[in-house]
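So the structure is just underneath, and the comments pick up after that.
These numbers come from the heavy atoms of this one structure, side chains and all, not from hydrogens, waters or symmetry mates. Chain identifiers are assigned alphabetically (A, B, ...) following the order of the sequence lines, protein sequences preceding nucleic acid strands; residue numbering begins at 1 within each chain. For clarity, every value in this text was computed on a predicted model and none was experimentally measured.
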Amino acid sequence: MKKFLNDPFNAVDEMVDGFVAAHSTYVRRLERVRTLVRRDAPVEGKVGLVTGGGSGHKPAFIGYIGKGMLDAVAVGEIFTSPPPNAIYEGARAVDGGRGVLFLLGNYAGDVMNFDMAAELARGEGIEAEQVIATDDAGSAPPDRVSNRRGVVGEFLAWKTCGARAEEGASMEEVKKVATKVNEWTRTIGVALSAPTVPAAGKPTFILAEDEMELGVGHHGEPGVERVKMKTADEVAEDLTARIISDLPYKTGDEVVVLINGLGATPQLELYIIFRKVVEILKAERISIYRSFIGEYFTALEMAGFSVTLMKLDGELKRLLDAPADTPCFVQF
Amino acid sequence: MVEVIRSEDAVRIIAHMADKIEENRDYLSELDAAIGDGDHGVSMVKSFRAVREEVERLRGKDIGTILRGVAMALISAVGGAMGPLFGTAFLRASQIAAGKQEIDLTDLVNMFEAAEAGVRERGKANVGDKTMLDAIHPAVVAIKEAAAKGSSLLAAVERSVAGAEAGMKSTIPLVSKVGRSSRLGERTLGHQDPGATSCYLLLKAFYEALESGHR
């Protein structure tokens, strides 16, 4: 597969160089580790929000560092959890005296590395807590939610927790928001083609012209089920029905809808999907408070998208609407 | 007859382990592409390049210090799932070898046991979940048995390699229960686990380096 790369081994380092040069008003890089932090960190009196994950998911994670969202992001290799020292140094750099909250996705690597980082942080007297995202309904049945992957629902957690932390909330209060978001958010993805990890050199799975991969996550690993190609409306109906019944979302609920492009699906298609989702939710009398359509958490050039619903209450609406200023998300 | 491993051997042995990983980079990545995201080979290569550099710096130190250097390099080089798991294995082994300029078979058995315990605690997997533990556990059982029968160090390590190989192959018909591949459920049937394969390769390299050093 053709890519614009130099030595694939250095892809992430070079990307970070470019990113920091582009967004130096927002972020700075720590010296000893590959971690980016908010330019003005540590923000005194504020809970520090720390995340990290593999590269290849832009705008996530580093695109969301800034006021009202994330304080520190440890940058891993492509689709690979970052090591504990990168996370720990990030925590140290953004500790404003109210503790640091790790927000991570439910992946074996992340869980272990963040756990080790939390040990390091606590060893240095930094209060470190964590909330693990499990919004991917495609990755385990409803009776095993804690086994599920964390996917683009994390964007909604970063936005709401970032806003809550900015209000000067305590660790407990911010953690409560993260937990509530995770409980009320469900996502399902579908792919038409796999990404190609630069170092691997070829796509991780091959789909025939008439196939889709259902229940796909965002790392290029094969999904749960391979099915025949359908129309946009049919796919939207299928995915939305699965999500609605998963929580379940009920008549009278107010939700946020997030249609997330996984990297190679044009916005044109995302809007066609969203049109159908609007119709379905209207029929269910679930009202849409806000919607986000675009690329929030990609998987390199995976063709596909995910649908996310998050149930709302007054607090989450306020936090969603609060200002944010980051390289990839700005809101007044 | 190799009855002890000296700290001067350790650097050479670890370098050979790093070579083995480099040679098998594509193979490991292919195994990982079938049930993961295809980068296991590259991640292991990056990790072991960091290990190689670190161990060069630690020439002349005791074995515990050298292995701790391996552990810290593995933990901090790349991350992923292999960093914490292999890193913890070497870290626990290094604690047994702390301050020793040479280790014998008894030490080695204790190190293997400590490594397995570390992997179990860190990864929370069980044998049969289709993970590296499926290679480690039979390797540890094999070296313990060989030692109990009065085997030489070299022969005992050889037995552990055979155990790891059988364990690695035993992952093929297993359905993955832990880690990224567990998402694929039944689709993991028929595929050999990359982590278990790396484990086997490292042990094989360990044996080869011991054997060639002794010739």
Side-chain angles (χ1 to χ4, degrees), chain A residues 8-9 32-34 52-54 56 74-89 107-117 136 138-140 147-149 194-206 215-226 299-300, chain B residues 25-47 49-50 71-88 91 118-119 121-125 129 131-132 176-188 191 194-195:
Chain A
F9 259 48
R32 279 184 309 256
V33 290
R34 195 169 59 197
V75 180
E77 290 298 311
I78 292 184
F79 298 166
T80 306
S81 174
N85 45 318
I87 302 163
Y88 159 67
E89 296 278 354
Y107 298 91
D110 289 310
V111 168
M112 288 187 286
N113 287 298
F114 275 84
D115 213 46
M116 290 164 85
D136 181 11
S139 54
N147 273 12
R148 289 175 164 177
R149 295 181 284 226
T196 294
V197 176
K202 50 188 176 144
T204 47
F205 57 90
I206 308 282
V216 67
H218 56 212
H219 290 110
E221 67 267 55
V224 168
E225 210 191 327
R226 190 159 290 188
L300 290 173
Chain B
R25 174 182 120 176
D26 289 343
Y27 171 53
L28 290 172
S29 286
E30 260 174 56
L31 290 176
D32 192 40
I35 56 176
D37 61 1
D39 66 351
H40 182 67
V42 170
S43 299
M44 290 298 283
V45 164
K46 270 201 169 175
S47 303
R49 281 187 189 171
M72 296 319 294
L74 287 173
I75 287 169
S76 48
V78 170
M82 293 299 112
L85 291 168
F86 278 114
T88 300
L91 193 61
V119 168
E121 275 172 43
R122 185 62 69 195
K124 303 189 176 43
D129 286 347
T131 71
M132 59 195 285
S176 171
K177 300 279 188 346
V178 177
R180 175 162 292 162
S181 58
S182 68
R183 313 298 183 179
L184 305 181
E186 298 284 319
R187 290 166 79 168
T188 54
H191 296 283

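- Proximity to chain A is limited to the side chain of B:V45, based on heavy atoms less than 4.5 angstrom apart.
- For B:S76, the parts lying near chain A are the backbone and the side chain together; criterion is any non-hydrogen pair under 4.5 Å.
- The salt bridge (charged side-chain N to carboxylate O under 4.0 Å, His left out) test applied to A:R34 returns A:D13, A:E77, not counting sequence neighbours.
- Of the listed residues A:P82, A:G109, A:G54, A:P83, the one with more heavy-atom pairs under 4.5 angstrom with chain B than any other is A:P83.
- Counting heavy atoms from C-beta outward, A:T80 and B:D39 have side chains that approach closer than 4.5 Å.
- The nearest pair of heavy atoms linking A:F9 to B:R49 is CE2-NH1, 3.1 Å.
- Note: A:M116 CE to B:T88 OG1 = 4.5 Å, rounded to the nearest 0.5 Å.
- At a 4.5 Å heavy-atom cutoff, the contact between A:N113 and chain B is made by backbone and side-chain atoms alike.
- In this structure, the portion of B:E30 lying under 4.5 Å from any heavy atom of chain A is its side chain and not its backbone.
- Per-residue heavy-atom pair counts under 4.5 Å with chain B were compared for A:P84, A:A86, A:S81, A:A74, and the maximum is reached by A:S81.
- Heavy atoms of A:I87 lying under 4.5 Å from chain B are absent altogether.
- A:M112 contributes atom CE, which lies 6.5 Å from atom CE of B:M82 (distance to the nearest 0.5 angstrom).
- In terms of non-hydrogen atom pairs under 4.5 Å with chain B, the most contact-rich of A:V197, A:D110, A:N147 is A:N147.
- Contact count versus chain A (heavy atoms, under 4.5 Å) is highest, among B:A81, B:S43, B:G83, B:G80, for B:G80.
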